[in-house]
Q: 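Pasting in a structure now, in structure tokens, and then I'll have a few things to ask.
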Amino acid sequence: MDMNSFFLVPMLKRLIAGLAIGTALTASALPVSAAVHNDLPVRWNTGGAVWSTHQEAFDTFFETGAITDRGLEGGLHRSGWTADEVRTGMTKSYSVNLVGVSNFLYSDAGVKFLKNATASYFPYWSMNTYAVQALRGAILADANDGNISSAGIMRALPTDFRLADFCNTYTGAQNICAEGRCQPGTAQCTSLLSWYVFLPACIQANQVVAVVAERPAPAPAPAPAPYAEPIRGLW
């Protein structure tokens, strides 16, 4: 090995190591939305067979109304609503206050709401271990621009979700948050897509927005005292 190689090889090793560390730090600094990707918003563990519906199939349905996936078709059939009703409901936008939504979702009532909302629908791998955090993250991500929709929340899911019906623990039924808005005893009150339809309206209704009391109008300034003219002499 000549003298140049003696110094060059260690320098190259240090350079490669530094690049590797820099890449790792850059990846760790990425926001969660950029570091993860939800491709399968629904893995149906209900019905006769397991089937995964890709986000692309939902996006096509939302944009055009076309049903290109058999899992989605089955989910619509079991929703208790027509496909047009589900599409209209899931693409409807609701105005919200991000801070108000966050206040609700982090409150005791909000955590209870999220646990109830993930009775059978939760991350595919961790199941209900991080279900509350995952759904809350999706809702807040969609609410960032001041509006939420079912379609937007679904796209913002941080990981693949499943609808579970197994082990005599999960029934595949979802608890619809809008009482009195579904036909009792029907799929309207238990189906996943019906649950999605009502979800953003319930969040809008429950957001906790601080009410700032209006300041009373300032009292009018008192009229100035009349100007006393100086006494004029007689000369």
Side-chain angles (χ1 to χ4, degrees), residues 32-34 36-96 101 114 117-125 131 134-165 170-178 181-183 186-205:
V32 173
S33 59
V36 295
H37 176 66
N38 153 42
D39 186 50
L40 302 173
V42 186
R43 292 190 177 191
W44 312 88
N45 291 150
T46 53
V50 176
W51 183 265
S52 297
T53 299
H54 290 255
Q55 183 64 53
E56 183 180 0
F58 277 102
D59 289 340
T60 298
F61 172 65
F62 295 146
E63 293 168 8
T64 68
I67 303 170
T68 59
D69 177 86
R70 77 179 194 185
L72 173 57
E73 183 177 19
L76 290 168
H77 180 72
R78 295 188 298 271
S79 71
W81 306 95
T82 67
D84 285 341
E85 287 172 330
V86 171
R87 182 185 176 216
T88 299
M90 291 190 68
T91 54
K92 182 178 179 179
S93 181
Y94 296 79
S95 61
V96 293
V101 172
L114 292 168
T118 52
S120 295
Y121 184 59
F122 38 66
Y124 183 78
W125 294 107
L135 181 57
R136 179 167 55 205
I139 294 170
L140 292 177
D142 190 41
N144 189 51
D145 63 353
N147 293 279
I148 58 172
S149 68
S150 300
I153 293 171
M154 175 180 281
R155 291 190 189 101
L157 291 175
T159 187
D160 298 342
F161 265 54
R162 74 164 79 185
L163 182 66
D165 179 10
Y170 307 106
T171 64
Q174 281 294 102
N175 299 318
I176 306 302
C177 59
R181 300 298 298 273
C182 60
Q183 185 65 35
T186 69
Q188 290 181 356
C189 298
T190 59
S191 69
L192 175 66
L193 296 183
S194 185
W195 169 84
Y196 255 124
V197 165
F198 290 110
L199 179 62
C202 292
I203 295 168
Q204 182 193 55

Q: How long is the span from the CD1 atom in I148 to the CD1 atom in I153, to the nearest 0.5 Å?
A: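 The CD1 atom of I153 is 5.0 Å from CD1 of I148, to the nearest 0.5 Å.
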Q: List the steps and the verdict of side chain to side chain contact (heavy atoms under 4.5 Å, CB included) for T68 and E56.
A: CA-CA 9 Å; T68 59; E56 183 180 0; over 6 Å; no
Q: Going by heavy atoms in the side chains, are F62 and R155 under 4.5 Å from each other?
A: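 Side chain of F62 against side chain of R155, heavy atoms only: contact under 4.5 Å found.
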Q: Atom CH2 of W44 and atom OG1 of T53: how far apart are they, to the nearest 0.5 Å?
A: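 It is 5.5 Å, given to the nearest 0.5 Å.
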Q: Can a donor-acceptor pair be found, under 3.5 Å and without considering hydrogens, that links the side chain of R87 to the backbone of F61?
A: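 Checking the backbone N and O of F61 against the side chain of R87, a donor-acceptor pair under 3.5 Å is found.
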Q: With a 4.5 Å cut-off on side-chain heavy atoms, are S95 and Q204 touching?
A: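 Sidechains of S95 and Q204: in contact.
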Q: Evaluate side chain to side chain contact (heavy atoms under 4.5 Å, CB included) for I139 paired with L135, printing each intermediate quantity in order.
A: CA-CA 6 Å; I139 294 170; L135 181 57; 3.9 Å; yes
Q: Could you tell me how the ring of Y121 sits relative to the ring of F161: parallel (under 30°), tilted (30 to 60°) or perpendicular (over 60°)?
A: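 The rings of Y121 and F161 sit tilted, inter-plane angle from 30° to 60°.
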Q: Could you check Q55 against M154 for side chain to side chain contact (heavy atoms under 4.5 Å, CB included), going step by step and ending with a plain yes or no?
A: CA-CA 8 Å; Q55 183 64 53; M154 175 180 281; 3.7 Å; yes
Q: About how many Å separate CD1 of I176 and CH2 of W195, when rounded to the nearest 0.5 Å?
A: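 Reported to 0.5 Å precision, the distance equals 9.0 Å.
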Q: Could you measure the distance from the SG atom of C202 to the OH atom of Y94? Nearest 0.5 Å is fine.
A: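 Reported to 0.5 Å precision, the distance equals 9.0 Å.
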Q: Which distance, rounded to the nearest 0.5 Å, do you find between the CG of L192 and the CG of L199?
A: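 With rounding to 0.5 Å, CG (L192) is 10.5 Å from CG (L199).
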Q: Whether the side chain of S149 engages the backbone of T91 through a donor-acceptor N/O pair (distance < 3.5 Å, no angle test) should be reported.
A: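 No.
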Q: For F58 and Y196, run ring pair (Phe, Tyr, Trp, His ring centres under 6.0 Å): C-alpha distance rounded to whole Å, both residues' side-chain angles, the deciding distance at 0.1 Å, then the answer.
A: CA-CA 13 Å; F58 277 102; Y196 255 124; 7.6 Å; no
Q: Nearest heavy-atom pair of V86 and S79: which atoms, and what distance?
A: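 Heavy atoms of V86 and S79 come nearest at CG2-OG, 3.7 Å.
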Q: Which heavy atom of G80 sits nearest a heavy atom of A187, and at what distance?
A: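 The pair with the smallest heavy-atom distance is N-CB, 4.0 Å.
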Q: On a heavy-atom basis, which atom in A131 and which in P123 lie closest, and how many Å separate them?
A: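 Looking at all heavy atoms of both residues, the shortest contact is CA-CD, 3.7 Å.
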Q: Measuring from L76:CG to S194:OG, what's the distance to the nearest 0.5 Å?
A: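 L76 CG to S194 OG: 11.5 Å, rounded to 0.5 Å.
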Q: Indicate the atoms forming the closest heavy-atom contact of Q174 with L163, along with that distance.
A: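 Smallest interatomic distance, heavy atoms only, reads CG-CD1, 4.3 Å.
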Q: Set out, in order, the CA-CA distance, both residues' side-chain angles and the distance that settles side chain to side chain contact (heavy atoms under 4.5 Å, CB included) for Y124 and L40, then state yes or no.
A: CA-CA 9 Å; Y124 183 78; L40 302 173; over 6 Å; no
Q: Counting N and O atoms only, with roles assigned by atom type, does the side chain of D160 sit under 3.5 Å from a partner on the main chain of D39, one being a donor and the other an acceptor?
A: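 Checked: pair present.
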Q: Specify the closest pair of heavy atoms between G172 and S120, including all atoms of both residues, with the distance to one decimal.
A: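 Nearest heavy atoms, G172 then S120: N-OG, 3.2 Å.
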Q: How close do L72 and A57 get, counting heavy atoms only, and between which atoms?
A: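 Closest heavy-atom pair between L72 and A57: CD2-O, 3.9 Å.
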